[in-house]
2 protein chains.
Amino acid sequence: MPSAGPRSVVIELNAVLVALIDDQPQVLTLEDGALLPSGPFEGDHPTLQTGLRAWVERQTHHPLGYVEQLYTFADRYRTDAASGRRIVSISYLGLTRERSMKGEREPGWRSWYRYFPWEDWRDGRPAVVAKLILPKLGKWIDDARDAAARRARRQRVEQCFEQGAWNDELTLQRYELLYEAGAVPEAGRPRRPIADPVPGDAMRYDHRRILATGLARLRAKIKYRPVVFELMPPDFTLGQLQRAVEALAGRPLHKQNFRRLVDQQGLVEETGTVAAGTGGRPGKLYRFRREILLERALAGTKLPLARAE
Amino acid sequence: MPSAGPRSVVIELNAVLVALIDDQPQVLTLEDGALLPSGPFEGDHPTLQTGLRAWVERQTHHPLGYVEQLYTFADRYRTDAASGRRIVSISYLGLTRERSMKGEREPGWRSWYRYFPWEDWRDGRPAVVAKLILPKLGKWIDDARDAAARRARRQRVEQCFEQGAWNDELTLQRYELLYEAGAVPEAGRPRRPIADPVPGDAMRYDHRRILATGLARLRAKIKYRPVVFELMPPDFTLGQLQRAVEALAGRPLHKQNFRRLVDQQGLVEETGTVAAGTGGRPGKLYRFRREILLERALAGTKLPLARAE
DNA sequence: ACCTCTTATGCTCTATATGAGCATTAATGT
DNA sequence: ACATTAATGCTCATATAGAGCATAAGAGGT
């Protein structure tokens, strides 16, 4: 296909490992939060998935509930500093059950909202949006070269951040928008340094972008596949479950409707016991009905189908 | 992350290029249909996408409307015959506009239903399902080692092929099921040869699997993003559009509802002219409203949201 | 000119899903 | 007991999806 001869390339793996700890979506990091766990491609496993799974379980001593390939990044600016060889990075999303040793924080786990403060709308629109992000993007809009570009930029900003129709799945688009507007730094990319970045922790290389990819993927996924349960303890109340979904989606849900949904889908079954005192009426405990993973395949359709004959 | 040292790896690119020709979804192949277009990783383009795009446009002399990364395959059995080096293959899905030089068939374009005859339900359930596939899978179910395994297999077969609830997006799952059941051959994988495979052309290496991945992705995609238009000529009738979607989804659609959907979404606008005589009342011509690509971002949500405040 | 065929279009109806809100009930812990 | 905090049970309005009936408008043959 392309004509150039093969050239030396380094393959690395990156993992976005997610767990829920105290109603916060946490992601495993290294180097004081600056890196995602990553390492060279391992040739000894039959598949990348099993290699990744083995590695993670060795590190965290917890089984990986769910693994999914995210994306393969191979842009030119991704080159190894030492050898100058191009880096191709294959990234994965992994879900693991929380452990919550109550206080004994696992080192390395960070709330992903530290990296993306503007993504947490659980208590309404975060202040940072109106106070810092929108002004900055407003300026970026004005800086467009002509009226048409200005219009396009405005439309993009509105889509990404508008109050009325906040779309939680646009995490990556928002990050990319902020990046283009020069509002977040990203090492290793051909950009001048940023004077006053929008709040939120940065990461080295493009790891923050990979994280945004994982976040977006997970937010989309929970809406049509029961993956939340991979993050839950075996038994849980519907309240806990709701808070888990809210933590991931970054927005509040309607309690009654949430229950109705879970119920109708037959996702859970009662264990027969109730939760310990969490202050208030204790909820019934439920467990995930693993059978439904078999029963119902993927969902899906938005097409006006004709009769099945 | 993994411990083994870096090892020599070959990276290759694979492309699933789709076009619609005469109401058939066609895919570009090489070697008499046995291979997907592929080649070594090219280091000279800033991103993989641009590299791929340039290559395709050079080959087909047609612009690539839409490109999306599919998946990165890196299983152990994928090794280069000559060097023994492991092959990592990054695959892409690309959509290009049909050209339909009326008769002068472009070489290399094949209907994807040649590879997956059981996926075309436009005229009801294909005979091959009841006649060959289900019996074969029935035998596979019976061959399970114990009752539990038998039950699991049965459930899987039902999900994949059941008449009532045919899910067109499960293309890849179906292919994998047939593969596991020993009903389709796949070179390069650790499997004994198949005696009497189910009808459908095979491909070399795992290219047929990559194709199935592309098909599944595209079928899922058309339901929430207006990508069909990348396959259509500039002007088209709603009838043509419907046939295009049907070709991709592999199932018949309800005509009136299809129109209602297209209309409500504001996807198209009339050109003011009508189609030439195709036998029957000529339909109005429409064109895709490119603006909506900007207007509406991705769709999406299945969560019981609380008020937006 | 007339008749038959093939599409294109307009509308209606029903079941279900989704977003919201009101009203109760049941433990906790002080 | 009583205020508090959750958990539950229901009802309503609107939007959407799956189906089907009826009509309109050219094409093509007789």
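In this text the structure is predicted, and so the values were computed from the model without any measurement. All heavy atoms count here, side chains included; hydrogens, waters and symmetry mates do not. Residue numbering restarts at 1 for every chain, and letters A, B, ... go by the order of the sequence lines.
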Anything under 3.5 Å between a protein N or O and an N or O of nucleotides 8-12 of chain D, put it in a table, one pair a line.
{"from": "D:dT8", "atom 1": "OP1", "to": "A:Lys284", "atom 2": "N", "distance (Å)": "3.4"}
{"from": "D:dT8", "atom 1": "OP2", "to": "A:Arg259", "atom 2": "NH1", "distance (Å)": "2.8"}
{"from": "D:dG9", "atom 1": "O6", "to": "A:Gln256", "atom 2": "NE2", "distance (Å)": "3.2"}

Distance check needed: [N] [atom2] versus [X] [atom1], whole Å only.
{"X": "B:His254", "N": "D:dA17", "atom1": "NE2", "atom2": "P", "value": "13 Å"}
{"X": "A:Leu253", "N": "D:dA7", "atom1": "CG", "atom2": "C1'", "value": "16 Å"}
{"X": "A:Asp263", "N": "C:dA17", "atom1": "CG", "atom2": "P", "value": "13 Å"}
{"X": "B:Phe258", "N": "C:dA8", "atom1": "CZ", "atom2": "C1'", "value": "13 Å"}
{"X": "A:Leu285", "N": "D:dA7", "atom1": "CG", "atom2": "P", "value": "11 Å"}
{"X": "B:Gln242", "N": "C:dT9", "atom1": "CD", "atom2": "C1'", "value": "13 Å"}
{"X": "B:Arg243", "N": "C:dT7", "atom1": "CZ", "atom2": "C1'", "value": "9 Å"}
{"X": "A:Gln265", "N": "C:dT16", "atom1": "CD", "atom2": "C1'", "value": "13 Å"}

Test log, rule salt bridge (charged side-chain N to carboxylate O under 4.0 Å, His left out), inputs A:Arg154 and A:Glu162: CA-CA 11 Å; A:Arg154 175 168 302 117; A:Glu162 206 182 10; over 6 Å; no
Criterion side-chain contact (heavy atoms from CB on, under 4.5 Å) on B:Asp263 and B:Leu238, from CA distance to verdict: CA-CA 10 Å; B:Asp263 184 81; B:Leu238 295 185; over 6 Å; no
SB check A:Lys223 A:Asp168 (cutoff 4.0 Å): yes
Lys/Arg cation over aromatic B:Trp166: B:Arg174, 6.0 Å, 45° cone: yes
From B:Leu218 atom CG to B:Thr213 atom OG1, the distance as rounded to the nearest 0.5 Å: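 The distance works out to 12.5 Å.
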Worked check of side-chain contact (heavy atoms from CB on, under 4.5 Å) between A:Lys255 and A:Arg259: CA-CA 6 Å; A:Lys255 192 194 299 203; A:Arg259 286 155 175 279; 3.7 Å; yes
